Trainee: 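One structure is given below, represented as structure tokens, and several questions about it will come after.
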Amino acid sequence: MHKPIKYVEKAVTLAARGAWTVFDTFNSIKPNPSFTPKWSEKPLLKSYQKQKPPLGWPRTTDSLCPRCVPEIRQQILDGKLPQEVLLNEKAGEIKAQIVERDGRILMVKECPVHGQFEDVMSIDPAFSKHLEDVFPGRDIRAHADEKLHNHGTSTIKHGRGSVLTIDLTNRCNMMCDPCFMDANQVGFVHELTWAEIQKMLDDAITIKPRRQMSVQFSGGEPTLSPYFLDAVRHSRKVGYNSVQAASNGIEFAKSKEFCKQAAEAGLRYVYLQFDGIGNAANAHRKVGNMFDVKVRAIENLWEAGVDIVPVTTIVNGINNEQVGKIIQFALDNPRVISFLSFQPVSFTGRDEEVTDERRQAQRYTLSHLAHDVKNQTGLGEPVRDWFPISFMSTFSDWADLVHGPDAEWGQLSCGCHPNCGIGMAVMIDKETKESRPVTAFLNAEQLAKDVARINDAARGKFLSMVGVSLALLRNYRPFESPTHFTLMDMLKKFDKCFGATGRNYGKVTGDRTMADINMRRQDRWNFLFVAGMWFQDLFNYDFRRTEQCIIPYATQEGEISFCAYNTGVGWRNIVEKMHMTATLTKWYEEHGRHEIFAGGKKVGIHADAVRLTLNQEHVNAEEQHDLDKLGIAKNAREEKMRARETKLQQEAENARMTKLYREHILGEKPQEGFVSLDQLGGIKPAVKKEEPVMGD
């Protein structure tokens, strides 16, 4: 039985449909030209002016050879090739075909030297087509960016990004797989100085369009940098209103005081490594109490006023069964978790030399994610409820229009390629924990088309706000929304996201206080955003994605696409070697060794009471064993160990066969000084006693 208010709201939506028709008709007459805001030297784009890369399939794109690139990179690192080959030549580049075959979308490419490579892009062509169909187009082309965007074919060309990433250090307090940067394994320390950190933050806002980005400090483990808190403070001072840290949470779990200091410095979000529910689900990270650490970090950070985004690297066969459990964790704790980020594994860093067998078994795509969410939780229809994260840029464009030409910053805009990232929004009642996908009660696709028409008309603030209100009302389905959700709740949520009316929901700027944080948290409705971000590797690399990257890395060599830095031609290896701080030996001599948690070692944390709601069945579940049953290695370390064992066994078998051939075919007698095959599993020279040397 529906609440009476729902029937009233239904009447309002019907009236809004008629009002929209009248409004749209008059609003479309003689549209205004787009203005040029302070934060750009080019005018706002109308929807029909936005460019799109080649989409659909079959299509041809530019990619990389997974064998040529590591060879070229190593030659650069060894000094045999100049770094300039990456700027002036198409090093390792080959063409790739994106095709549909047997109900899947594949990338197929062939190197004249190393042969053919093939990998899965999607297991659901209809889902992928939907994502590309609703992609609104690229952001404003980057300009005034020549000093920071100069990386050959890897250069970022569109927009200026949504999240600026800065690796403060390559040191880490863990030694786990997977690791896209191979932390603690490269033989040297690369750690930014305070002057370098300041310069990167200051340089980033010189690029046009000058959009309001988030800045995320990463690593390694960013909290190991002596400048972590200073970097957070300076980010707020420069003007970034969303300062984040990508962290394993160990330092935050160990100290409430450190959490408080980070919050006071201006830290707004911690993107927390979070591979599953329970210590067994995190066992592949090789820390004895990894899940307990995550829970304590969440408790400490939340108490200090910092929001938490669990970030899950999904590896098929390792933790794909955790997708539903992690979402259930968010649904059970709607006052604490409002964002989830799932990141399908990228075979890079320690995993760049992955075998075809393991890669095929562990490959996980965004289409896998959409289907796992539905199958494991019952939430979300892949084609109805999932959209590319760039879909939201239409609404960012509207906010730019409403805030006018005098705004100092443009809205955060996620203008990435539709193959890069996806999202599903779920509205949760914090009091009853009832939840519904937003697109189950709001026709998002039509809403975006309506908002695009408002943007194209380019009217003033008042008419633009009237238009979007009518668009929201006419696309709302009150009988499909959560029981206690109302039209006013929807309008307030929209306003809270984009700050159109100027109403105070609690500040998010650098001068915000704990009172502001608590004010924002009082909202009864949690807009839970479930995101999937699929970073590329050499097997599925597409330069059309790289050139409109929204997650640039700030480095001593300019701002580089996330994928070009960590995968692709591998700028990370080159930049870090060029700007190496010290060898490990030298670093340890001057600074000592930092503590590393590995091999099952536990982190010392306080055993305070847990306020989070935990599903004990999920917490106590055993580790996933899919790959064990298939006999496939779980990670690069295990793969290398198996390869060494196989090599030794082969050498022993070759030695045994050689010995038998010599003895039984050639008639040779066994040589003296050799031990038996039974003792060594093969023939090896016996250790002879050395004659004493003069002076011993």
Side-chain angles (χ1 to χ4, degrees), residues 65-75 77-78 80 108-119 175-179 182 185-187 283-284 286 315-318 345 347-363 537-539 598-600 623-696:
C65 171
R67 300 288 175 261
C68 287
V69 169
E71 293 172 1
I72 294 168
R73 187 195 308 135
Q74 192 59 51
Q75 290 182 65
L77 293 172
D78 293 341
K80 297 176 182 178
V108 181
K109 52 190 176 182
E110 186 165 357
C111 171
V113 177
H114 298 102
Q116 190 177 78
F117 301 90
E118 183 175 298
D119 213 331
M175 284 279 292
C176 55
D177 291 292
C179 178
D182 205 10
Q185 293 289 294
V186 292
H284 58 288
K286 305 302 180 185
V315 185
N316 210 31
I318 296 290
V345 63
F347 294 107
T348 188
R350 287 180 196 159
D351 290 292
E352 188 173 69
E353 298 180 11
V354 62
T355 62
D356 290 341
E357 178 187 48
R358 181 162 72 90
R359 174 168 57 88
Q360 291 164 8
Q362 294 187 349
R363 175 63 79 197
D537 52 48
L538 288 172
F539 301 95
E623 189 177 353
Q624 191 170 338
H625 293 293
D626 295 23
L627 298 180
D628 293 330
K629 296 172 184 176
L630 295 172
I632 294 173
K634 293 182 179 179
N635 52 52
R637 187 180 292 108
E638 188 175 321
E639 201 165 55
K640 289 175 181 177
M641 289 176 60
R642 290 188 182 189
R644 283 196 293 268
E645 290 172 1
T646 300
K647 183 179 179 181
L648 288 173
Q649 291 171 0
Q650 188 61 52
E651 288 175 349
E653 179 63 15
N654 290 341
R656 189 180 73 83
M657 295 303 294
T658 299
K659 179 177 182 298
L660 291 174
Y661 175 78
R662 289 183 177 279
E663 290 180 4
H664 297 286
I665 304 301
L666 300 182
E668 295 181 359
K669 294 181 179 179
Q671 296 182 39
E672 294 183 2
F674 284 81
V675 295
S676 69
L677 289 171
D678 292 337
Q679 291 174 305
L680 294 179
I683 299 178
K684 297 181 181 179
V687 179
K688 295 183 179 180
K689 187 175 181 180
E690 297 284 348
E691 294 293 329
V693 178
M694 187 69 70
D696 281 358

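Quick caveat: nothing in here was measured; it's all calculated off a predicted structure.
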Trainee: Roughly how far, to the nearest 0.5 Å, is the CZ atom of Phe117 from the CZ atom of Phe539?
Mentor: 7.0 Å

Trainee: Does any non-hydrogen side-chain atom of Leu77 lie less than 4.5 Å from one of Gln74?
Mentor: yes

Trainee: Is the closest side-chain heavy-atom distance between Arg363 and Asp119 below 4.5 Å?
Mentor: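 Counting from C-beta outward, Arg363 and Asp119 do come under 4.5 Å.
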
Trainee: Any chance you could measure Lys629, atom NZ, to Gln624, atom CD, to the nearest 0.5 Å?
Mentor: 9.0 Å

Trainee: Could you go step by step and tell me if Asp356 and Gln360 meet the side-chain hydrogen bond (donor to acceptor under 3.5 Å, both in side chains) rule?
Mentor: CA-CA 6 Å; Asp356 290 341; Gln360 291 164 8; 5.3 Å; no

Trainee: To the nearest 0.5 angstrom, please state how far the CG atom of Leu666 sits from the CG atom of Leu660.
Mentor: 11.5 Å

Trainee: Please determine which of Val354, Leu627, Asn635, Asp626 meets the side-chain contact (heavy atoms from CB on, under 4.5 Å) test together with Gln362.
Mentor: Leu627

Trainee: Can you measure from CD (Glu668) to CZ (Arg662) and round to the nearest 0.5 angstrom?
Mentor: 5.0 Å

Trainee: Please tell me if the side chains of Lys109 and Pro66 come closer than 4.5 Å, counting only heavy atoms from C-beta onward.
Mentor: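 In short, these two side chains touch, coming nearer than 4.5 Å.
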
Trainee: Look up atom CD1 in Ile665 and atom OG1 in Thr658, then write down how far apart they are to the nearest 0.5 Å.
Mentor: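 The OG1 atom of Thr658 is 12.0 Å from CD1 of Ile665, to the nearest 0.5 Å.
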
Trainee: Kindly indicate, with the supporting measurements, whether the criterion side-chain contact (heavy atoms from CB on, under 4.5 Å) is fulfilled by Arg358 and Asp351.
Mentor: CA-CA 10 Å; Arg358 181 162 72 90; Asp351 290 292; 2.9 Å; yes

Trainee: Have a look at Glu638 and tell me which of Met641, Arg642, Lys640 forms a side-chain contact (heavy atoms from CB on, under 4.5 Å) with it.
Mentor: Arg642

Trainee: Please check: side-chain N/O of His625 versus main-chain N/O of Glu623, any donor-acceptor pairing under 3.5 Å?
Mentor: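 Such a contact is found between His625 side chain and Glu623 backbone.
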
Trainee: Would you mind checking if Asp537 and Arg359 are paired as a salt bridge, meaning a charged N to carboxylate O distance below 4.0 Å?
Mentor: no

Trainee: Does a side-chain heavy-atom distance below 4.5 Å link Glu639 with Thr355?
Mentor: yes

Trainee: Going from CD on Glu353 to OG1 on Thr348, what distance comes out if it is rounded to the nearest 0.5 angstrom?
Mentor: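 One gets 11.0 Å once the value is rounded to the nearest 0.5 Å.
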
Trainee: Under a 4.5 Å cut-off applied to non-hydrogen side-chain atoms, are His114 and Glu71 in contact?
Mentor: yes

Trainee: Suppose we screen for side chain to side chain contact (heavy atoms under 4.5 Å, CB included). Which residues come up paired with Lys647, at least two apart in sequence or across chains?
Mentor: Glu651

Trainee: Could you go through the salt bridge (charged side-chain N to carboxylate O under 4.0 Å, His left out) check for Glu352 and Arg73 one step at a time?
Mentor: CA-CA 13 Å; Glu352 188 173 69; Arg73 187 195 308 135; 2.9 Å; yes

Trainee: Do Arg67 and Leu538 come within less than 4.5 Å of each other through their side chains, counting heavy atoms only?
Mentor: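 Answer no - side chains too far apart.
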
